[in-house]
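Here is the structure we will look at.
FYI, side chains are in, hydrogens and waters are out, and symmetry mates aren't considered; it's all heavy atoms of this structure. Sequence positions, counted from 1, serve as the residue numbers for this chain. These numbers were taken from a predicted model, which means no experiment stands behind them.
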Amino acid sequence: MKPILEVAAAFGIAEEFVELYGRYKSKLDPGLRDELGDRPDGKLVLVTAMNPTPAGEGKTLTTIGLAQSLNAIGAPTIAALREPSLGPCFGMKGGATGSNKAQLLPSEDINLHFTGDLHAITSAHNLLAAMIDNHIFQGNVLQIDTNRILWKRAMDMNDRSLRQIVVGLGEGNGSVHESGFMITTASEVMAVLCLSEDARDLKERLGRMVVARNMGGEAVTAEQIGAVDAMTVLLKEAIKPNLVQTAEGTPAIVHGGPFANIAHGCSSVIGTKTALKLAEIVVTEAGFGADLGAEKFFDIKCRQAGLKPDAVVLVVTVKALKYNGGAAKTELDQPNPEALRAGLSNMKRHLENLRKFGVPVMVALNHFASDTEEEITLVKEECGRLGIKAELSDVWAKGSEGGRELATTLLGILKQETARYTPLYSDELDIKAKIETVVREVYRGDGIKLSAKAAARIEELERQGFGRLPVCMAKTPYSFSDQANLLGAPEGFTVQVKDVTLSAGAGFVVVHTGSIVTMPGLPKVPAAERIRLDERGEVAGLL
C-alpha cells in the first residue's frame, strides 16, 4: 500500500485537506470542494448487474478493477463506492471490498468499523429514538400517539429477533409501546447523509424527518423533538468522505452504505461530486441488480443531485445466467448450456431497461475459472445480437491488465456516444402511478395490489403534500418480481405492496413489497463462524 497522502497528492489533493486515520485511510476536509471550485466535472460511469446468485456477481470487484484499468490506459479515474455493513460481513456475504487483485485497501479496516461512519449514523438514529420516548415520558407536549411512533431503533448487525419488540416494560420506564430495530443501512439517517449536498443540507434534511403522528394524525418531525442539533454533532465527521486506495493505488472515495433492496443503494452525493472534480472519470456502483440499485441511482440519486451519468456497465456472470436459467446453486460451476441460454433472458431485460434511461450501456462479463470458452462466446454473441458491446473482465486474477479491453471499450463509448439521461417517471405522477410505472417498465409485471394499509398510507401522504416524491422500492434482489424464486425474466405477475412509508428527509417514499424486511437475519451458517484472528493477530476468513 502507498501512504494515503501519496495517493491524494497524485490527484492534486493538498495535504491540508487530508485528515489522516492512520497511514492508509483518511477523510477529506469539506474545504476541498470549495478549493476545486468551478473545475469541470469528469465523466460518471455506473456499474450495475443482472439479478445475482446469493454469492453476488462481483459488481464491487468490477468497479474497482475497471477504475484500475482506466488509470492503467491513461484515463485518470477515481472509484466512488459504498461502505460495507457489518450485517453482511458477519452474515452471508462476508467482506465487501472486492478481492485478490481488484480490492480496496486496507480491506479489513474498511470492512470492520472503518472510520466510524456507520457507528455515528447508528448513534444519531438511536439518540432520536431515545428523545422521542423521553418526550412522551416527560409530559408529551406534542401529543404523540404512542400507537403511531414511526421511528424504530437501528443497529449495524443482522438480528431477526429484534424486528418487533415492546419497549417501556417495567415500572418507571416510560410508555409501553411496540417498536423494533432496522439495520443501520436502512435508516433514514443513512439515506439523508448520502443524499445531502453539505452540512447545512444534512441538518435541514434531518429536521424534516417524520418520526411519529400526533393524536390528530399530523406529522411530528425530528426538529420538533429537538434532536437535530445533537444528531448533527454526532454526524459531523461522518459527513466527510473517506479516501482509500485499490490494490494498485487507484484512489477510491468510499462513503455511505445504504442497502439497495431495502434502501436507495448508492454511495454519497458528496463523495461522488468530490470525485467528479478530481478525476476525468468516476466509476461508481449501485447495489444488487439493475432493477434495484440502478433504477434508484437514476430515479432518486441523479434526480435529486442533478447528476448526469455518461455510461452504464452491466456486470454479467456465467454463473448468474445459469442460475437465472434454472440451474441449482450446487451446479453453477458445471457446464449447462440449456440453463445458460434460458438465463440470457435476464441479461437481455436488464439491458433493455437500462436503455430506457437514455445512457449508453455495455456488458462486463466477470470471469470465473469454471467458465468455458463456449459459454463466454455464447454470451458475447448474444450481446452482439442485441447491439451491445461486451468484454471479458478478468480483474480478479490479473488486476488492471485483466480489464484493459473492458476499459478501452468503455473509453471509446464515452468519447463516441452521447448520454441523454432521463428519469423513468416524472415528479407529477401520483405515488401509485410511480409504483406502477416501475413495476411495468422495469420489473415487467402486470400491475400492483395494494394492501389496505398501503392504500391508506398513500392517500394520507398525498393529502399531506408528499405525492411528488420519488419511490424507493423495497424488494427481493433475486427476481424482477417480489418473489425470490421467480428467476429469469418472469411475466404476468402482480407485485404485492404491503406498506408505504415516508422518508421526508431523504426525499422519497419507501414501498415495501412481498416479504422484504428492514432487519435481515443470519443464515444457518453465518460468515461470523469463519472469521478469526490468526496467530499473528491478523484478521482471517473475512473475504
Could you tell me if the side chain of [Y] sits less than 4.5 Å from the side chain of [X], heavy atoms only?
X      : Y      : value
Met92  : Pro526 : no
Pro3   : Arg23  : yes
Met362 : Cys383 : no
Glu280 : Thr77  : no

Take a 6.0 Å sphere around [atom1] of [X] and say whether it holds more than 12 heavy atoms from other residues, nucleotides or ligands.
X      : atom1 : result
Lys380 : NZ    : yes
Gln334 : CD    : yes
Glu19  : CD    : yes

(request) List in chain and number order the residues that pass side-chain hydrogen bond (donor to acceptor under 3.5 Å, both in side chains) with Lys101, two or more places apart in sequence or in another chain; answer none if no residue qualifies. (result)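 Once residues adjacent in sequence are excluded, Lys101 has no partner under the side-chain hydrogen bond (donor to acceptor under 3.5 Å, both in side chains) criterion.
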(request) Apply side-chain hydrogen bond (donor to acceptor under 3.5 Å, both in side chains) to Lys322 and list each qualifying residue two or more places apart in sequence or on a separate chain. (result)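 Partners of Lys322 by the side-chain hydrogen bond (donor to acceptor under 3.5 Å, both in side chains) criterion, ordered by chain and then number, come out as Glu375.
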Using 0.5 Å steps for rounding, measure from the [atom1] atom of [X] to the [atom2] atom of [Y].
X      : Y      : atom1 : atom2 : answer
Met157 : Leu86  : CE    : CG    : 5.0 Å
Gln68  : Thr63  : CD    : OG1   : 11.5 Å
Ser123 : Met231 : OG    : CE    : 10.5 Å

(message) Applying side chain to side chain contact (heavy atoms under 4.5 Å, CB included), can you list everything that pairs with Ala96, at least two apart in sequence or on another chain?
(response)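 For Ala96, the residues satisfying side chain to side chain contact (heavy atoms under 4.5 Å, CB included) (neighbours in sequence not counted) are Pro84, Asn111.
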(request) Quick one: list whatever passes salt bridge (Lys or Arg N to Asp or Glu O under 4.0 Å) with Glu538, sequence neighbours left out. (result)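 Salt bridge (Lys or Arg N to Asp or Glu O under 4.0 Å) check on Glu538 returns Arg536.
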(request) Could you tell me which residues satisfy salt bridge (Lys or Arg N to Asp or Glu O under 4.0 Å) with Lys27, sequence neighbours excluded, listed by chain and number? (result)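 With neighbours one apart ignored, the set is Asp117.
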(message) Evaluate Asn51 against Asn324 for side chain to side chain donor-acceptor pair (under 3.5 Å), listing each step before the verdict.
(response) CA-CA 8 Å; Asn51 288 103; Asn324 275 279; 5.7 Å; no
Side-chain donor-acceptor distances from residues 5-18 under 3.5 Å, at least two apart:
none

(message) Students often mix this up, so state it plainly: with edges at 30° and 60°, are the rings of His264 and Phe508 parallel, tilted or perpendicular?
(response)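 Aromatic pair His264/Phe508 classed tilted.
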Donor + acceptor pair across side chains of [X], [Y] (<3.5 Å):
X      : Y      : answer
Ser196 : Lys203 : no
Glu373 : Thr377 : no
Asn366 : Thr317 : no

(request) Quick one: do Thr409 and Glu391 satisfy side chain to side chain donor-acceptor pair (under 3.5 Å)? Show the steps, please. (result) CA-CA 8 Å; Thr409 298; Glu391 298 290 353; 2.7 Å; yes
(message) What verdict does the ring pair (Phe, Tyr, Trp, His ring centres under 6.0 Å) test give for His350 and Phe480, after you've listed the backbone C-alpha separation in whole Å, the side-chain angles of each residue and the deciding distance to 0.1 Å?
(response) CA-CA 10 Å; His350 282 296; Phe480 276 107; 4.4 Å; yes
